[in-house]
Every structure is written in C-alpha cells, then in structure tokens.
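Everything on this sheet refers to the single structure shown next.
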There are 2 protein chains.
Amino acid sequence: MNRVFKALADPSRRRILQLLREGPLSAGDIARHFDLAKPTLSGHFAVLREADLVDQERQGTTIYYRLNLSVLEEALSGLMDSMGIGQGERAAHSPGLVKPGK
Amino acid sequence: MNRVFKALADPSRRRILQLLREGPLSAGDIARHFDLAKPTLSGHFAVLREADLVDQERQGTTIYYRLNLSVLEEALSGLMDSMGIGQGERAAHSPGLVKPGK
DNA sequence: ACTATATTTTGTTAATTAGCTAAATACCGT
DNA sequence: ACGGTATTTAGCTAATTAACAAAATATAGT
C-alpha cells in the first residue's frame, strides 16, 4: 500500500494511469502523450508495476500496459476508511479546538 | 493537489493524519506516537501544512494541529473521479461515457 | 530578567528520485 | 543471419527527501 501512494505521488504516473483508464496502451502509445524520454517513462512503468497498479503484457515487440483498477480502488478506499471518509454515513465530526484537561 | 499526494506518500504523514482524525493534537502529543526526533516531525507538519491538509493554531506555548478533512476528501475524490472510480456508480467501461473530472 | 517548556529553524548527511544519453535486449520480417 | 522497431537496462547527474543534533524562537511562570 505504501508503494501505491509513492507511485501516486508523481503527476506523470497519475497521468499514465488516467490514460490507461480507456484501455490498454503500449509503452510507445503512452510515451506519445509525454515530453519525456522513453527510458524515463519506462522507469515510471516499473514503479507502477511494482505497486501492482498496472499489468504488463508483451505482444510481439510491443508491451501493453493495463490498469489494475482494483488495486487502486482498494488503496484509496483503504485510506479513506482509515481517515473516516466516505462509505460510512457518519456525520462529519469536526471537534472544536479545546484545551485538553490534565 | 500535487502537494497533497506528495504529502500522502509518506507513511509517517499518513499516520499523523489518522491520529488527527480524533481531534486536534499538539505537536508533542503527536510526537509521543512516533519514534522520530521532534524536528523530523516538525518537518512533516510543514509538509502537511503546505498541502493544506492540516491547520495550525498556537495556544500559549503549544501548537495544535487540526485535520483539514475537506482538502483530503477533495483530493481523493478528485483522483477517483479522474480514474473513473465511481463513488455510487459502476465504473464505465466504454470510452467517452464518463465525463472527465473538473 | 531568568528559567523551563514546546516547537521550529538551521545545517548536515545519506538515501531516493526523476531525468538524460547510450547501450543492450527482445521480437519480427526478410 | 541481418536490419528495423519497441522497450528496457546501465550509468550518470542534479534535485529532493527524511533523518538527526544543535541552536534559535516563542511563551508562560516566577
């Protein structure tokens, strides 16, 4: 889960995930959307793969990347849970700033 | 929004936010939960403040931190939107059916 | 003004990261 | 086997990060 958030910390990687939302894309297809050298992108793919956010599949000479949505979902809803956001219908509890008793 | 995800990339900072879920805590209170030097924590507070994930309020000699839940909520649901993770709806599979986030 | 407490700032270090170019690898077609 | 295309690996550099100890700042009480 830590790897997921580390992976999400980079805007290029978030953008890659967005692109993959539409369907699998080859490394080259993705690279076309960026102003980065291909090795740089390849590094980003590796980070996403290690976080299990994408799957890789070779088809001949090209490698396709596919978004692993469930991992992303799980990480995000896991965080939301741990922060008390969302699913629960509990009203937002924003305690006042009170000087703690001894 | 990038600052938010950068801030969330560190486990200590995520833990700090979790602690603040229960209510405001002083820097010292938070520090008690960690094995880190106070200056290190202070650095984490600064990152969280710059991401607007927490607010700071001084009361005498102690500084209280309060979770800014709305910023966290917005960032997470913003990402979920942009990834097509539906809060209430099933994720659309066909391209073009889902409107991009704001 | 002095002392004690709470927190931050400064300065430093080691580790990590994102980027690049050049070289290597993998696969396909001829 | 050779040449071309797609992608990754290797090797490097500059910037960023997380950690610490020591010093500085802010406030309260005496």
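Hydrogens, waters and symmetry mates play no part in the numbers below; they use all other heavy atoms, side chains included. Since we're looking at a predicted model, the values are computed, not measured. Just so it is clear: chains get the letters A, B, ... in the order the sequence lines come, proteins before strands, and each one is counted from 1.
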Contact class for [X] (heavy atom, under 4.0 Å): base, sugar-phosphate, or nothing?
X	result
A/Phe34	nothing
B/Leu41	nothing
B/Gln56	sugar-phosphate
B/Thr40	base

From the set [options], return the single nucleotide nearest to any side-chain atom of [X].
X	options	answer
B/Arg58	D/dT8, C/dT9, D/dA26	D/dA26
B/Tyr65	C/dT8, D/dT8, C/dA18	C/dT8
A/Thr61	D/dT5, D/dT8, C/dA18	D/dT5
B/Arg49	C/dC20, C/dT8, C/dA18	C/dT8
A/Ala37	C/dC20, C/dA18, C/dT9	C/dC20
A/Pro39	C/dA18, D/dT7, C/dA22	C/dA22
B/Lys38	D/dT9, C/dT7, D/dA19	C/dT7

query = Is A/His44 near enough to C/dG19 that one of its side-chain N or O atoms lies under 4.0 angstrom from OP1 or OP2?
reply = yes
task = Would you please confirm or rule out a distance under 4.0 Å between OP1 or OP2 of D/dA6 and any side-chain N or O of A/Ser26?
result = no
query = Heavy-atom distance under 4.5 Å between the side chains of B/Leu53 and B/Arg13, does that happen here?
reply = no
inquiry  = Using every non-hydrogen atom in the two residues, find where A/Lys38 and A/Ala31 come nearest and quote the distance to one decimal.
reply    = CG-CB, 4.1 Å
Distance-only polar pair, side chains of B/Tyr65 and B/Gln56, donor-acceptor under 3.5 Å = yes
remark   = Per nearest nucleotide of DNA chain C, the residue lying toward the 5' end, A/Asp10 or B/Gly43, is B/Gly43
Could you state the atom-to-atom distance from [atom1] of [X] to [atom2] of [N] in whole Å?
X	N	atom1	atom2	answer
A/Glu50	C/dT17	CD	P	10 Å
A/Glu57	D/dT7	CD	P	13 Å
A/Phe45	C/dT17	CZ	P	18 Å
B/Ile63	D/dT27	CD1	P	9 Å
A/Phe5	C/dT16	CZ	P	21 Å
A/Lys6	D/dT16	NZ	C1'	12 Å
B/Leu8	D/dT17	CG	P	14 Å
A/Leu25	D/dT7	CG	P	11 Å

message = When you measure from the side chain of B/Ser77 to the backbone of B/Glu73, do you find a donor-acceptor pair of N or O atoms at a distance under 3.5 Å?
response = yes
query = For DNA chain D, whose closest nucleotide is more 5', that of B/Gly60 or that of A/Ala27?
reply = A/Ala27
request  = Scan B/Leu69, B/Asp55, B/Asn68, B/Leu67 and name whichever one has a side chain to side chain contact (heavy atoms under 4.5 Å, CB included) with B/Leu20.
outcome  = B/Leu67
query = Is B/Arg15 positioned over the aromatic face of B/Phe34, cation under 6.0 angstrom from the ring centre and no more than 45 degrees off axis?
reply = yes
